[in-house]
J.: 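I am attaching a structure below and will ask some questions about it afterwards.
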Amino acid sequence: MVRRVPENPSLEGLEQKWDAVWERDGTYRFDRTKTRDEIFAIDTPPPTVSGSLHMGSAFGYVQTDAHARYRRMSGREVFYPMGWDDNGLPTERRVQNYYGVRCDPSLPYDPDFTPPDEPFDPPKSISRQNFIELCHHLTEEDEKQFEQTWRALGLSVDWTQTYATIDDHSRRTSQKAFLANLARGEAYSAEAPVLWDIDFRSAVAQAELEDRERQGATHRIAFARTDGGDVVIETTRPELICSCVALVAHPDDERYADLFGQTVRTPVFGVEVPVVAHHLAEPDKGTGIAMICTFGDLNDVTWWRELQLPTRAVIQPDGRFQTETPEWLSHAADAYARLAGLFSNQARKEMVEMLTESGELKEEPKPITHPVKFYEKGERPLEIVTSRQWYIRNGARDEELKKELLARGDELHWVPDFMAVRYKHWVDGLTGDWLISRQRFFGVPIPIWYPIGDDGVVDYDNPLTPDEDQLPVDPTSQPPPGYDESMRGKPGGFVGEADIMDTWATSSLTPQIAGHWVDDPDLWERVFPMDIRPQGPEIIRTWLFSTVVRSHYEHGILPWHTTTINGWILDPDRKKMSKSRGNVITPQGTIQEFGPDAVRYWACHARPGVDTALDTGVMRIGRRLAIKVLNASRFVLGFADDVDPSAVSEPVDRAMLAGLADVVEAATTSFEAFDYSRALEIAEQSFWEWTDDYVELVKGRAYGVGDAARSAHAALQLALGVYQRLFAPFLPFVTEEVWSWWRDGSVHRQPWPSVTELGGLTGDVSVLTDATQVLAEVRRVKSEAKVSMRAEVSELEISADPGAIERIRSVEADLLEATRAPGITYSEGEFAVRAVLAPQV
RNA sequence: GGGCGGUUAGCUCAGCCCGGCUAGAGCGCUCGCCUCACACGCGAGAGGUCACUGGUUCAAGUCCAGUACCGCCCACCA
């Protein structure tokens with residue numbers, strides 16, 4: 001083809017130019033005619049679509065993309081879909097704030113409702129269906145933004161293979177998998193105490209908990225003994241005295257031995273409760289005897305369950321103490337009335353006042369800082385509320401299953417390998433089955449109805465299920481098979497499950513969603529199990545584990561062969577507090593400032609799985625590299641059109657190609673081991689040496705004519721073609737640009753460089769290393785003399801062993817030209833170079 | 001309380017698995033150079049008790065034990 005090398009090449013505009021071309025040409029389109037072993041399938045993480053992307057996201061995705069590009073060039077057809085995780089609480093919360101709305105499922109659908117330009121103030125209540133429509137509306141906008149950012153970063157995703165975790169296909173897949181779990185007994189519902197977020201009014205799973213340090217206080221409170229004395233307990237939650245069902249101490253604790261089997265009276269309310277023994281009670285904590293309430297913490301739940309204590313709950317799903325006086329407090333209605341309707345923290349103050357008045361608070365509360373359980377997205381401490389929920393068995397209560405899931409973790413190839421222990425520890429430490437139901441609105445409905453007996457009682461133990469061709473189904477608006485909508489809520493009829501599934505219950509099926517398990521068996525067979533699951537370390541316990549669980553149940557295999565866990569991005573300001581830039585660093589802004597290839601360089605510069613500082617300095621280096629690729633390409637392509645590789649005859653040219661072959665081999669080995677950063681480092685180091693040493697050495701000869709010049713041209717072009725491809729996974733924009741100057745087709749669909757393609761043209765590498773040493777020595781002399789590199793050398797003496805002398809002689813003409821010396825005097829001996837500069841004019 | 005990762009030049013990081021010449025890179029800094037691809041460049045240079053304490057070894061940044069600090073994850077809120 002005709003070469004078109006621009007006069008002043010620049011990085012500006014490459015992003016838009018090539019994104020458009022790749023889209024037009026379908027460069028990254030997946031070819032589904034390929035077979036499983038020709039395909040490299042990636043289970044891409046669907047980013048949470050609720051606001052803007054963080055630099056941390058860009059970091060991991062770029063690393064994966066570099067690997068994807070390598071696989072594509074080395075002959076695999078890459079299945080590289082992209083999903084959007086838009087279902088779930090983050091979206092709901094964003095919609096609430098963005099439009100100023102609240103969902104009230106009791107309201108009827110308003111078909112004329114339109115999204116407001118300004119948020120409603122105060123917030124407006126809207127129906128469930130209207131709320132869901134707003135969620136769809138907003139996420140669609142966000143997803144366009146996200147796609148733009150990914151494209152700007154050059155992710156080689158097949159943009160025809162996208163999904164959203166709330167779309168029909170995902171809902172169908174999720175519901176089908178759930179029903180399969182249900183049919184096999186892996187999913188079940190149960191009425192039990194669960195951790196509950198009072199603001200979201202929803203149950204929360206173990207994986208979504210986090211501890212936060214909070215100010216609290218320990219209160220020493222006296223319970224009255226029947227023999228007239230008292231027993232003092234310590235608690236941080238005195239407001240729960242009204243829920244107290246027992247006191248507990250360790251069976252071996254002699255201080256309380258005489259109390260076991262006796263009863264005591266609660267302060268203020270005077271409720272008689274037993275004193276019991278349990279090994280979980282710790283003599284060292286507090287006074288060694290604790291009150292058991294229903295429920296203050298997970299310990300209470302354990303004690304309550306194991307000691308079969310009564311339930312005396314007062315906290316409602318909205319977090320308030322129930323307004324009605326509980327029957328067990330009917331004799332103390334006045335006291336309870338002071339707590340009715342309050343939140344825990346308000347009730348605590350009130351209770352302390354009552355205890356102070358009654359003299360049962362033994363001393364001033366002592367302030368402490370202690371860990372309190374929060375929903376990771378929540379704002380107030382979790383309460384424990386009893387309710388009916390859906391679970392999927394995860395091995396927490398089944399040793400055999402736990403062993404199988406641990407074995408899956410061992411079977412999985414972890415990159416880096418130390419991440420595997422996080423999985424192991426999580427599975428080992430599970431305390432309960434996976435709670436998947438949420439009392440929310442924007443999510444995949446649990447596809448279940450319950451029959452109502454003729455007596456009007458709902459039968460939760462015999463749920464009704466949809467037919468598969470009905471999926472996706474919404475049980476709150478559609479009737480179950482065999483029923484009519486008019487029978488909803490009536491005796492002899494049915495009631496639909498109002499709960500939805502947690503996001504993870506759907507995103508644990510990303511391989512099945514992206515691979516179209518439910519509706520495209522042909523595709524499914526070609527991509528599953530997938531090759532890699534790239535993801536962040538913080539969601540090993542959630543996304544990775546739950547995906548393994550679902551695949552284990554449904555397919556009896558691991559969902560992927562390898563998982564690559566990216567590192568964490570460290571905020572640069574955390575260490576440099578003095579330098580406050582005031583600007584939030586966004587991917588879009590950074591791409592604009594440094595260019596996409598530079599941002600990618602930064603991400604790929606970080607070792608796999610290693611936490612990395614956000615460092616714009618590294619991006620500048622990446623930008624410099626991209627510019628160098630541009631200029632070196634311009635230089636090389638300025639010489640004669642395609643010279644036959646067989647023209648490479650000069651020993652130093654063959655030496656260079658031999659070194660390059662080693663580089664190609666090392667980079668390939670690194671990529672095969674998922675070490676994109678090593679591959680980049682190797683290519684980069686070699687490239688700079690190539691431009692600074694080899695190119696400078698042969699430049700003079702290349703400007704000439706004849707066989708020697710043709711040898712340089714051929715070698716330069718061969719090397720350039722290799723470097724352009726070596727950098728393609730990292731710097732897709734600039735490499736595509738320079739490739740287009742002299743070659744047809746996308747560089748990203750070219751074969752990865754191989755040693756065999758240079759095989760017959762290589763020589764003795766040390767010819768180049770020896771010549772470089774001489775060149776460096778002369779440069780040093782000139783630099784110390786503070787003269788130009790063009791300054792003439794009047795004498796050049798080289799002392800070396802006979803072999804080296806022979807090698808240097810073979811490149812003498814190039815050396816004389818590069819050093820501007822008239823000739824070289826050789827002598828045998830230790831390697832030494834003596835250069836005398838000609839008198840300066 | 002348990003676990004994982006980290007601590008190497010002013011800064012950002014390689015090197016550690018498989019111990020071995022004066023410990024590397026880039027940025028920054030210093031001194032130079034408009035050399036016909038590139039001044040968004042090129043050349044040269046200074047700069048490190050490899051966190052600390054012991055141990056193994058002819059030899060330790062590298063292996064072992066422990067300590068300190070940083071980050072992350074987990075843990076029953078008395």
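Every chain is numbered from 1 and lettered A, B, ... according to where its sequence line falls, protein lines coming before strand lines.
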J.: What's the CG-C1' distance between A:L680 and B:U12, to the nearest Å?
T.: 15 Å
J.: Could you give the distance separating B:G28 and B:C72 at their P atoms, to the nearest angstrom?
T.: 30 Å
J.: In the structure shown, which nucleotide is the Watson-Crick or G-U wobble counterpart of B:C33, with both distances under 3.5 Å?
T.: B:G41
J.: So A:L280, base contact, sugar-phosphate only, or nothing? Heavy-atom distance under 4.0 Å.
T.: base
J.: With a 4.0 Å limit, can you tell me whether A:K373 has a side-chain N or O closer than that to the phosphate oxygens OP1/OP2 of B:A75?
T.: no
J.: Under 3.5 Å, is there a donor on one side chain and an acceptor on the other for A:E681 and A:Q685?
T.: no
J.: Can the ring centroids of A:W414 and A:Y423 be said to lie less than 6.0 angstrom from one another?
T.: yes
J.: State, with a plain yes or no, whether a side-chain heavy atom of A:Q346 is found less than 4.5 Å away from one of A:E239.
T.: no
J.: Answer with base, sugar-phosphate or nothing: what part of the nucleic acid does A:V610 contact at a heavy-atom distance below 4.0 Å?
T.: sugar-phosphate
J.: When all nucleic acid strands are considered with a 4.0 Å heavy-atom cut-off, which category describes A:V372: base, sugar-phosphate, or nothing?
T.: base
J.: Given B:C76, B:C27, B:C13, identify the nucleotide with an atom nearest to the side chain of A:I621.
T.: B:C27
J.: Mind checking the P distance from B:C42 to B:C34? Whole angstroms is fine.
T.: 16 Å
J.: Nearest of B:A14, B:U12, B:C38 to any side-chain atom of A:V618?
T.: B:U12
J.: Taking atom types as modelled, is there a side-chain donor on A:Y723 or A:S633 under 3.5 Å from an acceptor on the other?
T.: no
J.: Under 4.0 Å between any heavy atoms, over every strand shown, what does A:K285 touch: base, sugar-phosphate, or nothing? Just pick one.
T.: base
J.: In whole Å, I'd like the distance from the CD atom of A:E239 to the P atom of B:C77.
T.: 17 Å
J.: Figure out the CZ/P separation between A:R422 and B:G6, and round it to whole Å.
T.: 11 Å
J.: Nearest whole angstrom, please: distance from the P of B:C74 to the CZ of A:R212.
T.: 13 Å
J.: With distance as the sole criterion, is a donor-acceptor pair present between the side chains of A:R237 and A:S344 under 3.5 Å?
T.: yes
J.: Tell me the partner of B:U53, counting only Watson-Crick (N1-N3 plus N6-O4 or O6-N4) or G-U wobble (N1-O2 and O6-N3) with both under 3.5 Å; none if nothing fits.
T.: B:A65
J.: Which nucleotide, B:C13, B:G32, B:C77, lies nearest any side-chain atom of A:T612?
T.: B:C13
J.: Look at all strands and tell whether A:L382 reaches a base, only sugar-phosphate, or nothing, counting heavy atoms closer than 4.0 Å.
T.: base
J.: Expressed in angstrom and rounded to an integer, what is the separation of A:E210 atom CD from B:A75 atom C1'?
T.: 15 Å
J.: How far, in whole Å, is B:C50 from B:U7 if one measures between their C1' atoms?
T.: 10 Å
J.: Please list, for nucleotides 40-45 of chain B, all pairs of protein and nucleotide N/O atoms separated by less than 3.5 Å.
T.:
from, atom 1, to, atom 2, distance (Å)
B:G41, O3', A:K628, NZ, 3.3
B:C42, OP1, A:K628, NZ, 2.7
B:G43, OP1, A:D692, OD2, 3.4
B:G43, N2, A:S783, OG, 3.0
B:G43, N3, A:S783, OG, 3.1
B:A44, O4', A:S783, OG, 3.0

J.: Taking pairing as Watson-Crick or G-U wobble with both contacts under 3.5 Å, can you name the mate of B:G48, or confirm there isn't one?
T.: none
J.: Can you list, in residue-number order, the parts of residues 538-546 of chain A that come under 4.0 Å of RNA chain B, counting heavy atoms only?
T.: A:R541
J.: Can you tell me which nucleotide in B:C72, B:U12, B:A75 comes closest to the side chain of A:D211?
T.: B:A75
J.: Closer to the 5' end of RNA chain B via nearest nucleotide, is it A:R607 or A:K782?
T.: A:R607
J.: Could you please name the partner base of B:C72, counting Watson-Crick and G-U wobble pairs only when both distances are under 3.5 Å?
T.: B:G3
J.: Could you tell me whether A:Q206 contacts a base, only the sugar-phosphate backbone, or nothing, with contacts defined as non-hydrogen atoms closer than 4.0 Å?
T.: sugar-phosphate
J.: Check for me whether the distance between the ring centres of A:F727 and A:Y676 falls short of 6.0 Å.
T.: no
J.: In this structure, is the centre-to-centre distance between the rings of A:F59 and A:W602 below 6.0 Å?
T.: yes
J.: Tell me every residue that passes salt bridge (charged side-chain N to carboxylate O under 4.0 Å, His left out) with A:E7, counting only those two or more places apart in sequence or in another chain.
T.: A:R634
J.: Classify the nucleic acid contact of A:A281 as base, sugar-phosphate or nothing, counting any heavy atom under 4.0 Å across all strands shown.
T.: base
J.: Does the gap between the ring centers of A:H605 and A:F730 come in under 6.0 Å?
T.: no
J.: Where the side chain of A:P371 is concerned, which of B:C77, B:U35, B:A14 is the nearest nucleotide?
T.: B:C77
J.: Counting any heavy atom closer than 4.0 Å, what does A:R678 reach on the DNA or RNA strands: base, sugar-phosphate only, or nothing?
T.: sugar-phosphate
J.: Would you find more than 12 non-hydrogen atoms of other residues, nucleotides or ligands less than 6.0 Å from A:E672 atom CD?
T.: yes
J.: Can you tell me which nucleotide in B:U12, B:G3, B:C38 comes closest to the side chain of A:H425?
T.: B:G3
J.: Determine whether A:L307 and A:I292 make a side-chain contact, defined as any pair of heavy atoms from C-beta on separated by less than 4.5 Å.
T.: yes
J.: So A:Q685, base contact, sugar-phosphate only, or nothing? Heavy-atom distance under 4.0 Å.
T.: nothing
J.: Go ahead and name the base partner of B:G10; Watson-Crick or wobble counts if both distances stay under 3.5 Å, otherwise write none.
T.: B:C27
J.: To the nearest Å, give me how far apart CG (A:D615) and P (B:C11) are.
T.: 12 Å
J.: Starting from P on B:G24, measure out to CD on A:E689 and report it in whole angstrom.
T.: 15 Å
J.: What integer number of Å spans the C1' atoms of B:G19 and B:U62?
T.: 6 Å
J.: Could you state the CG-P distance from A:D284 to B:C77, rounded to the nearest angstrom?
T.: 14 Å
J.: Find the partner of B:C58: check Watson-Crick (N1-N3 plus N6-O4 or O6-N4) and G-U wobble (N1-O2, O6-N3) distances, both under 3.5 Å, and reply none if neither fits.
T.: B:G20
J.: Under 3.5 Å, is there a donor-acceptor pair between the A:H278 and A:E306 side chains?
T.: yes
J.: How are the rings of A:Y694 and A:W690 set relative to one another: parallel (under 30°), tilted (30 to 60°) or perpendicular (over 60°)?
T.: parallel
J.: Under 4.0 Å, counting only non-hydrogen atoms across every strand here, what does A:G288 touch: a base, just sugar-phosphate, or nothing?
T.: nothing
